[in-house]
Amino acid sequence: MKKQLRINKMKIPSEKFLPHESAELHVTGKAVYVNDMEPCGQTLFGKVVSSPYAHANIIKCDVSKAKLLHGVPAVLTYKDIPGENQMGPVFHDEPCLAEKEVTAIGQAVVLIAAENEEIALEAEKLIEITYQQLNPILDIKSAIKADNKIAPTRKIELGDTKKAFLKSEHIITGELETGAQEHWYLETQSALCVPGEGSEMTVYASSQNPAETQAIVAEVLGVSNKEVVCEVKRMGGGFGGKETQGNHVAAWAALMANVTRKPVLIHLFRDDDQKNTGKRHPFHSTYKIGFDNDGKILAYQVDLNADAGHTADLSMAILERAMLHAENSYFIPNVLITATAWRTNHFSNTAFRGFGGPQGIAVIEHAIDRIARFLKKDATEIRLKNFYTEKKNNITPYHQKVDNVRNQVIYDKLVKSSDYFRRKKEIDAFNQKHEFVKKGISLTPIKFGISFTTAFLNQAGALVNIYRDGSVLVNHGGTEMGQGLNTKMLQVAASELGIPAEQIKVNATNTSKVPNTSATAASSGSDLNGAAVKNAIDKLKSRLSEVACGLLTEKFSGGKFSKTRIEFSDNHVFDKNFEALKLPFTELIDKAYYKQVSLSATGFYKTPDIFFDREKGTGKPFHYFAYGMAVSEVEVDVLTGSHKLSRVDILHDVGDSLNKPIDMGQVCGAFIQGVGWVTTEEIKWDESGRLLTASPDTYKIPTVQDIPEIFNVQLLENAANYNTIRKSKAVGEPPFMLAFSVWMALRYAVSAVGGHTKDPDLAIPATNEKIMLAVEKIKK
Ligand code: MTE
Ligand code: HPA
Ligand code: MOS
């Protein structure tokens with residue numbers, strides 16, 4: 001068994017099938033997460049005391065009694081923060097510990113460092129905080145009424161919508177709400193901070209953004225970044241939830257470790273994690289869409305409104321990505337997109353797979369579904385008619401030209417492999433005959449822009465060390481959260497150096513090895529870090545080629561070797577004109593050391609030619625686009641609103657896959673996570689803002705039983721990308737949005753109840769309850 005999992009038996013060409021480098025550790029429980037680390041047996045338990053109110057003034061905060069409790073080395077309030085009381089990642093609008101006011105339930109007020117959990121809970125009872133409750137704003141509509149904007153409304157425009165609406169044969173207006181989503185990473189927010197000599201602090205974090213965690217810890221401690229090292233071995237899932245909010249626990253643990261001079265661990269309980277961390281932004285959007293008799297869209301006007309929560313966090317970037325995905329895969333000649341992030345008294349909402357993309361795309365898909373019903377046409381036909389194409393109809397609302405468009409090729413293949421049109425006919429016939437069970441089927445496309453829309457973030461670094469025994473340690477700026485980034489980096493290094501994967505190790509991400517990195521986000525981890533690793537290896541190879549040329553000449557006198565022709569392959573180096581005359585890689589390294597050649601190199605990469613002018617709403621924000629389509633079929637019990645996912649066919653474009661099993665895992669995982677968002681995952685708060693769905697018994701994420709009965713997933717073949725690491729494409733987020741096919745199939749099934757004459761009132765999430773209500777509404 002063990003042997004099969006071993007990666008060293010893999011030959012380089014089959015590297016596309018390298019198992020996840022931690023697969024064995026994951027399944028045997030040996031993988032180390034923050035909560036498994038125990039530096040010296042003296043680690044203190046860190047407890048966060050947080051606000052029970054969505055909005056209140058703090059009248060009194062007395063921690064004196066708690067401080068006297070035995071086994072409680074520290075109880076801290078904002079007054080004890082030596083540096084700046086801030087942890088806002090983009091705007092400085094988020095205090096690390098509340099001062100005079102709390103603006104969300106879950107906002108941290110007091111920190112307790114205790115010898116164990118029991119003592120910490122005892123200490124918590126002794127803390128006296130008096131609040132004066134204020135009126136909270138708990139939904140987008142109230143925030144709009146109060147004009148509570150995070151930042152001014154943004155706009156993106158193409159053509160002239162006013163004129164185009166006048167020319168449109170038909171106009172539909174509508175609105176759509178899409179719900180929040182809980183990340184439900186298996187490892188809750190965690191950080192272990194270990195104080196060192198003087199001001200030194202080592203932070204073992206579960207963070208997608210170690211450089212930012214380092215900077216925020218330094219800021220609250222009032223020291224410079226050089227004193228703080230942040231290390232991330234791996235996360236038990238992040239999904240965007242640890243792009244900024246992994247910083248919070250790290251800052252709190254660091255404050256306590258700094259005062260007590262002992263290691264402090266914070267590992268949130270599941271319910272605290274659900275209550276006191278941000279979610280996917282709920283959106284409320286309104287739209288107007290103009291089209292002709294054939295279903296060709298002429299004009300689209302959409303106003304996107306996001307519930308940011310109580311601080312900005314990443315809301316403006318998320319809103320921007322929602323705007324940049326408002327038209328999805330469709331060319332629309334006249335578009336006006338406006339968008340606002342609204343401040344409410346919920347915990348700050350944050351990044352979540354798709355990063356606003358899903359919220360923007362949902363609206364246009366909703367509109368298209370309604371156009372089809374209005375024109376009594378198949379929605380697939382409307383979609384096809386409006387796709388971006390290669391030679392014309394290829395300008396986005398933000399004026400970037402779309403190239404290498406893969407809509408048509410994916411559409412042709414998927415319609416065929418899923419047998420869409422025949423099944424649709426069968427489903428219509430079935431629905432005619434059955435009153436209490438209705439089926440639905442839908443094909444939906446996605447086009448997802450790859451790059452951070454904040455252009456400067458598109459950079460990455462690496463540090464590659466070759467040791468004297470020929471083994472290689474790769475450091476890069478990305479973080480591993482289960483998505484397989486480290487495996488892919490291992491493969492890049494193995495194929496660039498031409499040595500077996502077992503000779504290479506990818507190190508824990510560490511800010512002292514690779515500084516100033518961006519978050520591992522925007523699905524760009526392997527694009528950016530892969531290129532940086534390659535850059536470091538290119539430098540090493542250039543130095544080593546010179547050594548190799550000399551050694552080959554010494555060893556095989558007679559050959560005219562050239563350092564420009566040296567190849568690294570099959571664990572050897574050779575001049576490609578004299579392939580038979582080889583040197584083992586390890587021998588080359590050993591000799592290079594004695595020749596005093598540096599065997600360590602840094603690498604760097606920045607994505608070329610991308611820019612975006614926020615004022616004008618134009619530019620080239622994306623290096624390229626990822627494409628995919630899905631056909632989903634559902635069966636709805638119209639009496640209970642329950643449904644099953646009978647069949648799903650996916651064809652997704654990952655360029656030349658770096659690792660097929662990992663990419664398949666990403667496609668399947670993202671899709672199912674999307675299915676959760678559009679169906680069962682409903683977040684509810686009571687009227688005071690308290691989360692009612694704070695555990696898995698009230699919040700239902702998909703399980704193995706929710707996997708479609710028939711699940712055909714394929715990666716697009718012969719789909720090499722241009723100008724990316726090994727011609728691959730990013731894969732992490734795009735397939736999430738393929739789940740719209742399930743939402744649309746459900747809408748089709750519900751609409752069948754009324755013979756497709758009325759639009760179903762079915763937004764996101766389409767829970768059983770909502771499906772039943774929609775059915776009842778159609779029957780009226
Ligand atoms: N896959 C797993 N298993 N766990 C995760 O937390 N996060 C997703 C995606 N896939 C995630 C995942 C998100 S939100 C992003 S942005 C990408 O992975 C980040 O990694 P990448 O850039 O290396 O693809
Ligand atoms: N995606 C994810 N994270 C980000 C982005 C993005 O586009 N921009 C800034 N942070
Ligand atoms: Mo992913 S939402 O960009 O971390």
Side-chain angles (χ1 to χ4, degrees), residues 20 22-23 26 89-90 181 183-187 206-209 212 232 234-246 278-281 312-325 349-360 448-458 460 476-489 492 506 509 517-530 607 610 612 614 621-623 626 654 658-659 662-674 724-725 728-737:
H20 193 290
S22 293
H26 288 156
V90 182
Q181 187 178 20
H183 299 85
W184 242 95
Y185 25 63
L186 288 180
E187 179 203 27
S206 182
S207 166
Q208 288 173 242
N209 198 345
E212 193 172 77
V232 178
R234 61 166 65 77
M235 280 160 275
F239 306 111
K242 295 169 183 172
E243 185 170 339
T244 59
Q245 301 197 358
K279 329 234 161 283
R280 179 184 296 286
H281 289 65
D313 190 273
L314 294 169
S315 295
M316 293 315 290
I318 289 162
L319 196 70
E320 180 166 273
R321 186 169 281 274
M323 298 174 85
L324 296 172
H325 286 77
N349 288 316
T350 193
F352 197 142
R353 213 170 196 166
F355 204 75
Q359 292 95 318
F448 195 78
I450 302 301
S451 293
F452 285 96
T453 60
T454 308
F456 70 83
L457 292 174
N458 295 288
H476 62 83
T479 55
E480 174 63 39
M481 58 194 99
Q483 87 279 37
L485 177 61
N486 282 353
T487 312
K488 289 181 173 180
M489 296 306 96
V492 167
V506 177
T509 316
T517 54
S518 297
T520 307
S523 303
S524 58
S526 27
D527 282 14
L528 299 175
N529 294 288
T607 313
I610 49 175
F612 187 60
R614 286 192 173 144
F622 301 119
H623 188 34
V654 297
L658 280 171
N659 184 312
I662 283 177
D663 285 349
M664 285 290 277
Q666 286 292 297
V667 174
C668 297
F671 172 78
I672 296 290
Q673 195 167 38
T724 50
I725 186 76
S728 67
K729 273 194 183 183
V731 64
E733 294 167 286
F736 180 95
M737 285 145 276

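All figures in this text were calculated on a predicted structure; none of them were measured in a lab. Note that ligands are numbered from 1 as they come in the structure, with each ligand's atoms numbered from 1 the same way. Keep in mind that the numbers below use all heavy atoms, side chains included, and drop hydrogens, waters and symmetry copies.
Both the backbone and the side chain of A521 come within 4.0 Å of ligand 3, counting heavy atoms alone. Contacts between Q208 and ligand 1, counted as non-hydrogen atom pairs separated by less than 4.0 Å, are absent for every part of the residue. Residue-level proximity to ligand 1 for A522 is carried by the backbone, the only part with a heavy atom below 4.0 angstrom. Neither the backbone nor the side chain of M235 comes within 4.0 Å of ligand 1, counting heavy atoms alone.
Selection from G478, G238, A519 by nearest heavy atom to atom 6 (O) of ligand 1 gives G238.
The closest side-chain heavy-atom distance from H623 to T724 is below 4.5 Å.
With D663 as the partner, the side-chain hydrogen bond (donor to acceptor under 3.5 Å, both in side chains) test is satisfied by one option alone out of K729, K488, Q483: K488.
Within ligand 3, counting atoms from 1 as listed, the ones closer than 4.0 Å to a heavy atom of E243 are 3 (O), 4 (O). Each of the atoms 4 (O) of ligand 3 lies under 4.0 Å from some heavy atom of Q208. Listed by atom number, the atoms of ligand 3 under 4.0 Å from G240 heavy atoms are 2 (S), 4 (O). If you number the atoms of ligand 1 from 1 as listed, the ones under 4.0 Å from a heavy atom of G240 come out as 14 (S). Ligand-side atoms of ligand 3 in range of F352: 2 (S), range being under 4.0 angstrom from any heavy atom.
Looking at A522 next to ligand 3, an N or O pair under 3.5 Å apart turns up. Of the polar atoms of S523, none of the N or O atoms is found under 3.5 Å from an N or O of ligand 3, judged by distance alone. Polar contact check, R353 against ligand 3: no nitrogen or oxygen pair lies under 3.5 Å apart.
Ring pair F352/F736 is tilted by interplanar angle, where 30° to 60° counts as tilted.
Considering all non-hydrogen atoms of both residues, I318 and A351 come closest at CD1-N, 3.6 Å.
Side-chain contact of N659 with H20: a donor-acceptor pair under 3.5 Å is absent, judged by distance alone. A donor-acceptor contact under 3.5 angstrom links the side chains of T454 and R614, judged on distance only.
Near ligand 2, heavy-atom contacts under 4.0 Å come from E243, A317, R321, F355, F452, T453, T454, L457, A521, A522.
Residue contact check for ligand 1: A730 places no non-hydrogen atom closer than 4.0 Å to it. Within the 4.0 Å heavy-atom cutoff, S524 counts among the residues contacting ligand 1.
Atom 1 (Mo) of ligand 3 has as its closest protein heavy atom E733 OE2, 3.6 Å.
Salt-bridge annotation for R321 and E733: absent, with no side-chain N of the basic residue lying under 4.0 Å from a carboxylate O of the acidic one.
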